[in-house]
Amino acid sequence: MPETTWWKRGVVYQIYPRSFQDSNGDGIGDLNGIRQRLDYLTWLGTDALWISPIYTSPMADFGYDVADYCGIDPIFGTLEDFDHLIEEAHAKGLRLILDFVPNHTSDQHPWFQESRSSRANSKRDWYIWRDPAPDGGPPNNWISNFGGPAWEWDEATEQYYYHAFLREQPDLNWRNAEVRKAMYDALRFWLNRGVDGFRVDVIWHLIKDAEFRDNPPNLGFQPNQAEINRFLQVYSADQPEVHEVVSEMRRVLEEYPERVLIGEIYLPLERLVAYYGQDLSGAHLPFNFQLIHTAWNAREIAALINEYEDALPEGGWPNWVLGNHDQPRIGARVGPRQARVAAMLLLTLRGTPTMYYGDEIGIGKVEIPPEAVQDPWEKNEPGLGLGRDPERTPMHWDGSAQSGFTRGRPWLPLDPSFPSCHVEGLRNEPASILMLYRRLIELRRQHLALSIGRYKPIPTEGDVLAYERQHRTERFLVALNLGQKPHAFPLPDGRTGRVLLSTCLDQGEETIGAQVNLRPDEGLIIALQE
Ligand code: GLC
């Protein structure tokens with residue numbers, strides 16, 4: 001795949017559809033709402049949008065419990081609205097990536113209804129049914145990712161079914177060839193409608209141990225952790241046979257030109273990179289969440305970038321993510337000043353960046369009062385800080401009531417900062433974080449060195465994370481001060497340079513000599529000169 005391929009050069013923007021833009025006043029975002037905001041996405045400069053699930057769903061896990069893979073949930077609109085959206089997105093030069101949720105369906109999916117109707121049903125084997133253990137309890141010690149046992153007893157047919165997430169999300173049996181065929185046909189349904197790719201939900205979960213062995217205990221478990229961490233997930237996920245499934249999905253996408261396969265994978269680096277597949281026959285982009293889990297300091301981040309670059313298979317294309325609908329927002333993790341530095345990091349690293357809606361306006365930590373909690377995980381395991389509502393609050397568009405997100409009552413409260421922090425206002429503030437994101441995306445588009453150029457680490461000095469990006473004759477230094485003290489930083493090879501951008505957005509293109517003075521919390525992109 002050439003380096004000019006759209007998903008290598010482009011910036012992906014994730015939309016959590018419930019919270020982006022409501023068009024019908026029900027307090028929940030929808031497809032027509034997204035369509036109304038496409039001009040915003042082109043103004044910002046993004047290349048592709050990824051929309052979290054919009055399929056027919058009882059919404060036990062807000063769309064990650066699918067009841068019809070080829071339908072649009074009425075909350076989000078109709079198939080016609082979808083066609084309209086993709087047509088307009090394409091006309092504006094935007095690609096559209098859908099979420100695909102193959103590991104489990106909703107318990108309301110007709111397949112599961114059939115499967116549970118009797119042991120003799122032809123779809124019985126489409127799900128994972130097991131007899132009780134000899135003591136009558138669950139077949140093994142596997143735990144649900146949202147807490148509690150992962151096995152649910154079915155009184156009528158006297159077997160347990162497996163659910164890695166909620167009991168309303170029974171896992172499909174991906175060892176069954178009919179399941180695979182049905183799911184690949186669902187992919188084709190959307191590919192035929194013009195979808196440019198998929199982000200595949202929990203792709204590393206698809207195949208479980210054939211013998212359903214017990215997971216070993218995690219000796220480091222702490223009581224304030226989610227219950228899933230009691231055991232190491234040795235047998236319940238990331239089995240060798242999963243790679244065959246991933247490459248089958250890839251082959252389905254390859255029936256169409258230029259489609260992208262992105263995999264959601266939370267695994268340590270060496271296992272993550274296996275999802276590029278043998279000879280790169282797997283996912284184009286196994287999502288790289290390392291920045292989410294690494295402490296925000298220059299040394300550790302520099303080390304992680306090097307480890308990741310070194311671990312990539314030959315020809316494997318890197319990618320970077322700062323946050324998503326399951327993780328605390330970057331603004332909440334590092335605060336408003338460092339959120340700007342984080343933006344510069346995300347958009348100047350080698351590989352495809354995925355941004356999360358709302359990060360570009362600096363939404364930070366949002367408190368969700370107990371009575372407003374929506375997330376089933378928070379309801380199952382309350383008070384541990386596991387809830388995902390804080391990162392799913394509505395987008396802020398303008399200074400009106402509910403910030404232009406809805407004329408109704410929003411499904412989750414807005415961050416109280418919205419009256420002073422919204423797209424309309426920040427667009428008119430030359431030094432706002434929104435303008436920083438826009439400028440970074442613009443620079444990345446103008447200079448190939450910043451997207452596809454070679455990455456060259458520079459040894460960390462104090463709190464400064466620095467690296468070079470290089471393509472043909474272009475050479476850039478990126479220097480990011482992750483600390484709160486000023487720091488003088490030497491330019492490499494005794495060169496001079498020109499500041500292209502400061503995260504503070506308050507200086508012109510200044511020429512600098514042998515060293516650059518970084519202010520606290522400042523990041524700079526410097527064009528190096530001979
Ligand atoms: C993924 C999704 C998450 C969902 C889970 C179960 O991790 O990102 O939101 O709850 O899978 O589908």
Side-chain angles (χ1 to χ4, degrees), residues 12 14-20 29 50-69 73 76 97-109 112 127-128 142-148 150 152 162-172 174 183 186 198-206 208 226-229 233 236-238 242 262-267 272 275 283 285-289 292-293 319 321-329 354-358 373-381 384 386-393 411-412:
V12 179
Q14 181 190 354
I15 290 179
Y16 193 67
R18 295 180 71 86
S19 294
F20 199 58
W50 148 36
I51 313 180
S52 285
I54 47 174
Y55 311 107
T56 317
S57 165
M59 302 287 163
D61 189 21
F62 296 113
Y64 284 95
D65 47 324
V66 177
D68 176 2
Y69 287 98
D73 195 275
F76 297 124
I97 298 169
L98 281 188
D99 220 300
F100 189 61
V101 192
N103 179 67
H104 41 267
T105 70
S106 159
D107 62 348
Q108 303 304 308
H109 195 297
F112 188 67
Y127 292 83
I128 298 173
W142 296 0
I143 300 235
S144 152
N145 281 271
F146 293 144
E152 183 73 8
Y162 175 67
H163 58 92
F165 295 88
L166 300 174
R167 66 163 68 83
E168 294 89 346
Q169 293 168 296
D171 278 46
L172 281 163
W174 272 83
M183 294 301 274
F198 295 94
R199 171 270 189 190
V200 182
D201 192 59
V202 296
I203 202 167
W204 84 108
H205 270 263
L206 294 181
K208 335 324 176 179
E227 200 189 350
I228 183 72
N229 296 302
Q233 307 299 304
S236 44
D238 193 31
V242 72
I262 306 176
E264 185 207 22
I265 301 154
Y266 287 94
L267 285 175
L272 168 69
Y275 284 76
L285 303 174
F287 256 151
N288 165 17
F289 298 131
I292 297 177
H293 300 294
N319 76 90
V321 180
L322 281 178
N324 59 39
H325 63 294
D326 297 324
Q327 304 293 338
R329 280 193 180 274
T354 299
M355 311 169 40
Y356 184 53
Y357 87 96
V373 167
Q374 300 284 338
D375 182 17
W377 194 3
E378 177 65 27
K379 290 181 181 171
N380 277 359
E381 298 189 81
L384 298 177
L386 302 171
R388 300 167 296 174
D389 294 327
E391 57 266 21
R392 296 177 176 181
T393 61
W411 76 288
L412 269 178

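Remember, it's 1-based here, ligands and their atoms both numbered in the order they're listed. Here the structure is a predicted model, which is why all the values come from computation and not from measurement.
The ring-ring contact (aromatic ring centres under 6.0 Å, His included) test applied to Phe165 returns His104, Phe146, His205, not counting sequence neighbours. In this view, Trp204 satisfies the ring-ring contact (aromatic ring centres under 6.0 Å, His included) rule with no residue, not counting sequence neighbours. Under the side chain to side chain donor-acceptor pair (under 3.5 Å) criterion, Tyr127 pairs with Thr105, not counting sequence neighbours.
Contact residues of ligand 1 (protein heavy atom closer than 4.0 angstrom to a ligand atom; sorted by chain and number): Asp61, Tyr64, His104, Phe146, Phe165, Gln169, Arg199, Asp201, Val202, Glu264, His325, Asp326, Arg388, Arg392.
Tyr266 and Gln327 share a side-chain donor-acceptor pair at under 3.5 Å. Of the N and O atoms on the side chains of Ser52 and Tyr64, at least one donor lies less than 3.5 Å from an acceptor on the other residue.
Remark: the backbone N or O of Ala226 is paired with a side-chain donor or acceptor of Asn229 at under 3.5 angstrom.
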